[in-house]
Amino acid sequence: MAKQTLEKVYDPQACEKRWYEFWEQQGVFRAAMNSGKPSYSIVIPPPNVTGSLHIGHALNNTLQDIMVRHKRMQGYNTLWIFGTDHAGIATQNVVERQLAAQGLNRQQLGREDFIRRVWEWRKESGNIITKQLKLLGASCDWERERFTMDEGLSRAVRQVFARLYQEGLIYRGNYIVNWCPRCATALSDLEVEFEERNGHLYHIRYPLIIAGAESQEYLIVATTRPETMLGDTAVAVNPDDERYNKWIGQKVLLPLCQREIPIIGDSYVDPAFGTGCLKVTPAHDANDFEIGKRYQLPQVVVMNIDATMNKEAGVYQGLTREECRKKVSHDLEQGGYLEKIEDYRHAVGHCYRCKTVIEPTVSQQWFLRMKDLAQPAIDAVREKKVQLIPSHWEATYFDWMLNIRDWCISRQIWWGHRIPAWYCKDCGHINVHLEDVTACQKCAGKNLDAETDVLDTWFSSALWPFSTMGWPDKTKEMEFFYPTSLLVTSFDILFFWVARMIMLGLKFRGQVPFHQVYIHALVRDAEGRKMSKSKGNVVDPLTKMEEYGTDALRFTLTSLTAQGRDICLDEKRIEGYRNFMNKIWNAARFSLLNLEDFSCQDMANNALEFTLADVWILSALQRLIADADSALAEYRFNDYAGALYHFFWHEFCDWYLEMIKLRLNDPQATKIQRYSTQLTLVTVLEQCLCLLHPIVPFISEEIWQQLPRKNGHVASIMITPWPKFEERLINKEAEARIDTIKEVVGAIRNLRAELNLSPAMVLPKVLLSLGNIKVREILRAHEAYLRSLCKVGQFEIGTGLTRPSGSISAVDQYGEIFLPLAGVMDIGQEIQRLQKAVNQTKEELEKVEGKLNNPAFVEKAPAVVVEKEQLRRSELQEKLSKLLSNIDKIRL
RNA sequence: GGGCGGGUAGCUCAGUCGGGAGAGCACUGGCCUUACAAGCCAGGGGUCACAGGUUCGAUCCCUGUUCCGCCUACCA
């Protein structure tokens, strides 16, 4: 790429697309399978095929991209598998809405045509998120893209289903499940969201049957759902409840239905709740279902699949649940059966897809037995074969896994993996098989009905880490990349997805699907509220990427990713990091301007002549590399970003670049000297770009491509070797010297600022009176830095210097600073300024003396700590006396 | 009901071994200093939620209280 002068302001739009295309062209996203190298792999949490990029995706994929880019630079065989999820209910909803717009529904189309329509939709609109992830810079191996409904993954699903069925882990049966009347399908327990709602507790009188006839006596039951009474088949009381236990075995008359139902005794009933009498509706309540099984009560389903009342509801047939509740309540009151209605707040289950109130209903479904699958998965986490990060999620994981319940895996929708079961109409045998069954395996009859239900989408997701790699076939991918190294996900799908992958991975591969799981937080708005369309506080990552640049957004998200914390995203932060991108840009601009006459040469290290600044920055860079490495290794993303931010801006730009201006602008500098500093400059800049690259891929590539470098270099920063920490470059002496210089420069600048001296004004002379000979030596040796960084014409550096008359003074840990400003200074103001310093020093001194005067402290604290305090005391005492003496002499 | 996380500067948050409280943003003052005003220099600002305890010493460890958030659960 030709050299060019950089613009003053970084323009992300101008380069992002260009570099992404360049990377694709170069094939650098493709997984290498080089047998000499270690492997690193991640499978993406597959976004819904209907999805578009939201801020959570942006975070999730930025973190994955950071790890993958980092490992790729470290030389691993790196694979990041991308793919999408067929999202059964969500996708079906989308296509159904499209049909509705044309006045059609899926029943009119028929199953086959409908499925064809979904595939068409997927072809046209199913790759939105793919394009958006590319905009985000994601370095997935796009050639290995998978879809949960594609041929290979479908085969994996069937294989798993068939084996689990054969082993008796999958069974079919009539049980109570969570039914969504809007989606017209069963849901798993996890797909129900409970929310507190204001409701009512209806107290209803159930007349007792005495001597075969309705009596005036009654039991009162309390319920939040009076409409379900139409399906009541018993009333239960606690057998120890002396108010009622005499009635056990008797009957009550069910109001409105004129049905006699038994009174049973069951310890499930809490005598303290409500009236102590519980109406039992086995077909519409999960607990009642259990009670019903214990007493062989009939199950009366009173609703249709859309939650309108069915013929069992008698006169209420055809009403919706809500209408029926009103009517029942009204009729009870009319009949004198309603004791009272109380306000009552309780949790109501809603469909996680469409928010419709769930109707617990008995129906014929398929289930996966979980207990046996859970145990090895619990052990795997306990034994750290799968490491959850942060580890406090383990508690949540164990709690759920230990109380796991069977998983309802069948869905009454059309879009999804059809359950591979065929019912023989001749002998009743259920045929479950990998391939389509055309003749009954038991009676050879050809009279078969295929199962119409499909599987829960999460069933196929559970196989994702190995199904995407070609399992059940033996593939090179499986050999190289399974188990995967890391999974990056959000905690809200820990049970939905992570736990199930561990269980099925262990079951079918005998190995965990991933070694580590990094669980990140939710992105909230600046006030910490969950983002939602209804609140209107959604931050659209794509808009922000356009406004501030993709790198700025990525850096922001990374900086805010501290473990165990939610992320509160304030747009101000994005702006701030956009500014950081610009800072990087301008530092590069400065560097390139000063590297125009530079070309890399082979030169022995000992022939070079480095400045103190050069030696120091190389040393500081080593510390940065070490910090970045350890932060990444421990997934402290915020520390990783923070270390880079601090080093680049506040060490490299603020100090190093300012210091080397001296040499770069010095016409007296020899070629070797100039070359040495230029070499340091380009080295540090390049290594910073490499360290930054995983977070900010675009700007780092844009600048990197323009750096002068040796021949035979690689094509992209993406495949440049990751910087290596070099112990030999650590130079504590240089670091200490720079610290001293920074300290003195700071003190002089502070004085200037407090006196309101214009930065443009060059102070003719400054005196430094320093007690320590080493400090004097350092400052004398590097006086040039002081002169340029403090805008001072001349220094007098010595010890015990007398304060020139009419001088401003300051005292710091090294000694005294005098600015001779005869005639300019305001004595009153100066006394005030010094007095303030005196007060501060006194306060600190009191604290230290408090400690040292405490005999227990001197006796029990470690010697090092005590010595430290003693040293501090003497320093403060000396500072105080100097300050006081300066006030004393102020008028001289 | 059970569990988890949190309460540190005006805001959002760091704080790894218990030993002089930090960052970013915001704010104040001064500067268009030949990379950058999306910038430079300097500065102000905190009873580390509250109460006890352990310790020579607690933001940090222990106990309790309180507030906020989340997860989970078969009290109708």
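- Residue A/Arg833 contributes atom CZ, which lies 13 Å from atom C1' of B/A42 at whole-angstrom precision.
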5' to 3', nucleotides 53-59 of chain B under a 4.0 Å protein heavy-atom cut-off (B base, S sugar-phosphate only, - none) gives ---B---

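- The side chain of A/Arg405 contributes an N or O atom lying less than 4.0 Å from OP1 or OP2 of B/A73.
- Spacing between atom CD1 of A/Ile574 and atom P of B/C11 amounts to 21 Å, rounded to whole angstrom units.
- Heavy-atom distances to RNA chain B give each of A/Asp639 and A/Gln840 a nearest nucleotide, and the one nearer the 5′ end belongs to A/Asp639.
- When heavy atoms are screened at a 4.0 angstrom cut-off, A/Phe194 is found touching no nucleic acid atom at all.
- Salt bridge annotation for A/Lys544-A/Glu547: present, with a cationic side-chain nitrogen under 4.0 angstrom from a carboxylate oxygen.
- For A/Trp585, the ring pair (Phe, Tyr, Trp, His ring centres under 6.0 Å) partners at least two apart in sequence or on another chain are A/Tyr10.
- A donor-acceptor pair under 3.5 Å is formed between the side chain of A/Gln13 and the backbone N or O of A/Glu546.
- If you measure from atom CG of A/Leu755 to atom P of B/C31, you get 14 Å, rounded to the nearest angstrom.
- Along RNA chain B, the nucleotide closest to A/Leu201 and the one closest to A/Val745 are compared, and the more 5′ of them pairs with A/Val745.
- Atom C1' of B/G45 sits at a distance of 24 Å from the matching atom of B/G39, rounded to the whole Å.
- The environment of A/Gln832 atom CD is sparse: at most 12 non-hydrogen atoms of other residues, nucleotides or ligands sit within 6.0 angstrom.
- Among the protein residues, A/Ala222 comes within range of the nucleic acid bases, having at least one heavy atom under 4.0 Å from a base atom.
- OP1 or OP2 of B/C71 has not a single side-chain nitrogen or oxygen of A/Tyr397 nearer than 4.0 Å.
- Distance check on atom C1': B/U16 versus B/U72 gives 31 Å, rounded to whole Å.
- Between A/His200 and A/Tyr202, the two ring planes are perpendicular [angle over 60°; tilted spans 30° to 60°].
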For residues 265-289 of chain A, please give each side-chain donor-acceptor pair under 3.5 Å, one per line with the distance, not counting sequence neighbours.
| from | atom 1 | to | atom 2 | distance (Å) |
| --- | --- | --- | --- | --- |
| A/Asp266 | OD1 | A/Tyr268 | N | 2.8 |
| A/Asp266 | OD1 | A/Arg294 | NH2 | 3.3 |
| A/Asp266 | OD2 | A/Arg294 | NE | 3.0 |
| A/Asp266 | OD2 | A/Arg294 | NH2 | 3.4 |
| A/Asp266 | OD2 | A/Tyr295 | OH | 2.7 |
| A/Tyr268 | OH | A/Asn287 | ND2 | 3.2 |
| A/Asp270 | OD1 | A/Ala272 | N | 2.9 |
| A/Thr275 | OG1 | A/Ile220 | O | 2.4 |
| A/Thr275 | OG1 | A/Cys277 | N | 3.2 |
| A/Lys279 | NZ | A/Thr228 | OG1 | 2.7 |
| A/Lys279 | NZ | A/Asp232 | OD1 | 3.0 |
| A/Lys279 | NZ | A/Thr281 | OG1 | 3.0 |
| A/Thr281 | OG1 | A/Asp232 | OD1 | 2.6 |
| A/His284 | ND1 | A/Glu359 | OE2 | 3.3 |
| A/His284 | ND1 | A/Pro360 | O | 3.2 |
| A/His284 | NE2 | A/Val302 | N | 3.0 |
| A/Asp285 | OD1 | A/Asn287 | N | 2.8 |
| A/Asp285 | OD1 | A/Asp288 | N | 3.0 |
| A/Asp288 | OD2 | A/Thr281 | N | 2.7 |

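- Atom P of B/G3 sits at a distance of 16 Å from the matching atom of B/C75, rounded to the whole Å.
- Atom P of B/U12 sits at a distance of 15 Å from the matching atom of B/A49, rounded to the whole Å.
- Separating the CZ atom of A/Arg636 from the C1' atom of B/A14 is a distance of 11 Å, rounded to the nearest angstrom.
- Although no hydrogens or angles enter the test, the distance criterion places a donor-acceptor pair under 3.5 Å between the side chain of A/Arg752 and the main chain of A/Cys790.
- Under the 4.0 Å criterion applied to side-chain N and carboxylate O atoms, A/Glu227 and A/Arg321 are not assigned as salt-bridge partners.
- Rounded to whole angstrom, the span from the CG atom of A/Asp285 across to the C1' atom of B/C75 amounts to 11 Å.
- If you check every strand for non-hydrogen atoms under 4.0 Å, A/Tyr344 touches sugar and phosphate atoms only.
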Scan nucleotides 32-41 of chain B nucleotide by nucleotide, 5' to 3', and note B when protein non-hydrogen atoms come under 4.0 Å of the base, S if they reach only the sugar-phosphate, - if neither. -B-BBSBSSS

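- The ring pair (Phe, Tyr, Trp, His ring centres under 6.0 Å) check on A/Tyr645 picks up A/Tyr577, A/Phe580, A/Trp649, with sequence neighbours excluded.
- Remark: C1' of B/U72 and CZ of A/Phe491 are 13 Å apart, rounded to the nearest angstrom.
- Of the possible donor and acceptor atoms, one in the side chain of A/Asn403 sits under 3.5 Å from a partner among the backbone N and O of A/Asp399.
- Stretches of at least 3 consecutive Watson-Crick or G-U wobble pairs, with each checked distance under 3.5 Å, appear in RNA chain B as B:1-7 with B:66-72, B:10-13 with B:22-25, B:27-31 with B:39-43, B:49-53 with B:61-65.
- Spacing between B/G43 and B/A23 at atom P, rounded to whole Å, works out to 11 Å.
- A salt bridge is defined here as a Lys NZ or Arg NE, NH1 or NH2 lying under 4.0 Å from an Asp or Glu carboxylate O, and A/Lys572 with A/Asp570 fails to meet this definition.
- Residue-environment remark: CD (A/Glu754) exceeds the threshold of 12 foreign heavy atoms within 6.0 Å.
- Distance noted for atom C1' between B/C60 and B/G53: 15 Å (whole Å).
- Separating the CG atom of A/Asn638 from the C1' atom of B/A23 is a distance of 11 Å, rounded to the nearest angstrom.
- Rounded to the nearest Å, the gap between the P atom of B/C27 and that of B/A38 is 14 Å.
- A gap of 43 Å separates the P atoms of B/G18 and B/G29, to the nearest Å.
- For the pair A/Ser391 (side chain) and A/Leu388 (backbone), a donor-acceptor distance under 3.5 Å is absent.
- The distance from atom CZ of A/Phe273 to atom P of B/C74 is 15 Å, rounded to the nearest whole Å.
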